[in-house]
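Lettering of chains follows the sequences in order, A, B, ..., and the numbering in each one begins at 1. Both backbone and side-chain heavy atoms feed into the values below; hydrogens, waters and symmetry mates do not.
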There are 2 protein chains.
Amino acid sequence: MSIEQSILAILSFWPSTGYDINSEVEHKAAGLYWGMSYGSIYPKLKKLEEEGFIYPIEQEEKGRKKKLYELTPKGWEEFENWLRLPPAYPKVKDELLMKMSTWHEDIESSILIGHLLKRKETTEDLLEFVKGWPTNGISYISNFGMLSIRYAEIRLEAELKWIEESINALEKNQLPKGQDPNKNTEKLLARRREAIQDEKGK
Amino acid sequence: MSIEQSILAILSFWPSTGYDINSEVEHKAAGLYWGMSYGSIYPKLKKLEEEGFIYPIEQEEKGRKKKLYELTPKGWEEFENWLRLPPAYPKVKDELLMKMSTWHEDIESSILIGHLLKRKETTEDLLEFVKGWPTNGISYISNFGMLSIRYAEIRLEAELKWIEESINALEKNQLPKGQDPNKNTEKLLARRREAIQDEKGK
DNA sequence: TATCTCATGTAAGAGGTTACATGATTCG
DNA sequence: CGAATCATGTAACCTCTTACATGAGATA
């Protein structure tokens with residue numbers, strides 16, 4: 001619901017091409033909080049231009065053809081109105097957590113540990129990036145932007161801590177005790193075994 | 001890409017109706033990591049039944065008509081294959097962070113503080129829920145599930161810490177220093193003022 | 001008796017991704 | 001000169017949400 005506003009936000013930094021915008025969310029800091037792909041970007045740029053929020057800056061021929069877009073006054077206004085609107089609480093879709101929540105004893109926990117190790121790697125890479133970014137000497141980060149960089153840092157560090165904890169618990173077979181007043185784990189395993197028996201009995 | 005698997009996962013706990021599944025992601029722990037709505041659930045249940053992953057358990061008439069779905073052997077297999085597949089790294093879309101990253105001095109920071117306060121409230125509510133859930137005496141949480149509950153806890157606590165920090169920095173006007181080797185903040189404010197001048201000059 | 005919760009379902013469409021097509025320029 | 005990067009764009013498709021329609025049973 002706000003790919004368009006995100007594009008305006010990115011253009012507020014400096015005039016950019018569609019390609020630049022993609023790079024921004026693919027390899028740069030904006031990608032920590034947002035995502036979009038070419039299939040969205042170019043059509044949206046067209047739409048935003050038609051609606052008068054942005055306009056293309058004509059390039060005085062450096063050979064390569066490209067379209068730099070800049071905000072119009074109306075575009076600035078729209079962007080800033082959006083800033084003022086209360087943001088929606090982020091909706092999480094985390095496959096690892098979903099899998100973990102529904103994991104059970106009859107699947108080897110080494111596989112779950114593998115999932116955690118893979119997650120750890122990516123999280124470490126991201127954390128390294130996030131820590132290096134504000135001191136790489138070239139990237140632009142405003143003082144406000146630093147607050148959000150700090151968010152990523154805190155969040156990723158917390159995640160790493162949790163990954164360590166979890167791997168440890170799984171390896172030592174010392175999982176925290178859940179809550180199971182209706183013997184659901186037992187029932188689940190029984191239903192599963194029955195299903196497997198039925199299958200074999202066919 | 002895995003609404004279907006999520007449904008199988010939820011059905012692995014116990015046979016459920018479409019309504020139950022919705023409640024699970026709306027008001028219960030699964031909602032911390034996943035979301036879906038009726039418009040997805042019922043068509044998917046139909047599809048999963050057609051494909052032989054689930055089947056409806058006939059109800060011996062408690063008056064109210066409802067369709068409880070249970071996993072078939074094939075459904076269990078599909079569910080567990082999914083568990084074994086490496087999960088995708090979660091894609092974040094966080095409007096607050098996006099706004100904060102592109103905030104600038106000429107918008108009153110009190111508004112940003114307002115956004116943070118609102119976020120804080122929801123995060124606190126979630127944290128309270130997450131802490132109470134495993135000890136409410138009725139809900140089912142497996143030992144594996146406890147690990148993911150712990151994740152939510154750590155993550156939400158880290159977020160609250162960051163919110164406090166950020167509000168404090170904003171109120172005292174002591175934001176961390178960013179990185180701006182090309183005077184971008186200056187240029188941005190200049191471009192903006194020019195645009196606003198142009199608008200007035202019309 | 002009215003409202004809330006339980007319960008199932010569909011239609012329309014917003015929103016987005018993937019994959020492809022195309023070509024210029026720069027770099028090793 | 002070949003590969004990587006810069007650059008624009010579209011078509012097909014999926015996925016999912018919103019909003020609506022409908023009604024029974026429970027509760028206050």
Report yes if at least one side-chain N or O of [X] is closer than 4.0 Å to OP1 or OP2 of [N]; otherwise report no.
X: A:Lys66; N: D:dA7; answer: yes
X: A:Ser23; N: D:dC6; answer: no
X: A:Lys67; N: D:dG9; answer: yes

Please tell me which of the listed nucleotides, [options], lies nearest to the side chain of [X]?
X: A:Tyr19; options: C:dT17, D:dA7, C:dT8; answer: D:dA7
X: A:Ile3; options: D:dT10, C:dG16, C:dA7; answer: C:dG16
X: B:Thr17; options: D:dT8, C:dA7, C:dT10; answer: C:dA7
X: A:Pro43; options: C:dT8, D:dT10, D:dG9; answer: D:dT10
X: A:Tyr42; options: C:dT8, D:dT17, D:dT10; answer: D:dT10
X: B:Met36; options: C:dT10, D:dT17, D:dT8; answer: D:dT17

Just checking, is any N or O donor in the side chain of A:Gln179 or B:Asn136 under 3.5 Å from an acceptor N or O on the other one? yes
Have a look at [X] and say if it touches a base, only the backbone sugar-phosphate, or nothing, with a 4.0 Å heavy-atom cut-off.
X: B:Lys93; value: sugar-phosphate
X: B:Gly18; value: sugar-phosphate
X: B:Ser37; value: base

**OP:** Determine the interplanar angle of the A:Trp133 and A:Phe129 rings, folded into 0 to 90°, and report it as parallel if under 30°, tilted if 30 to 60°, perpendicular if over 60°.
**Re:** tilted
Q: Give the ring-plane orientation class for B:Tyr140 versus B:Phe13, where under 30° counts as parallel, over 60° as perpendicular and anything between as tilted.
A: perpendicular
Contact nearer the 5' end of DNA chain C, comparing B:Asp20 with A:Tyr38: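 Nearest-nucleotide comparison on DNA chain C picks B:Asp20.
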Exercise for the section: Would you kindly compare B:Lys47 and A:Lys91 by the position of their nearest DNA chain D nucleotide and give the one closer to the 5′ end? Expected result: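 Counting from the 5' end, the first nearest nucleotide belongs to B:Lys47.
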Lys/Arg-Asp/Glu bridge criterion (N-O < 4.0 Å) met for B:Glu51, B:Lys74: no
May I have the step-by-step check of salt bridge (Lys or Arg N to Asp or Glu O under 4.0 Å) for B:Glu186 and B:Arg191, ending in yes or no?
CA-CA 9 Å; B:Glu186 219 173 87; B:Arg191 276 169 52 237; over 6 Å; no
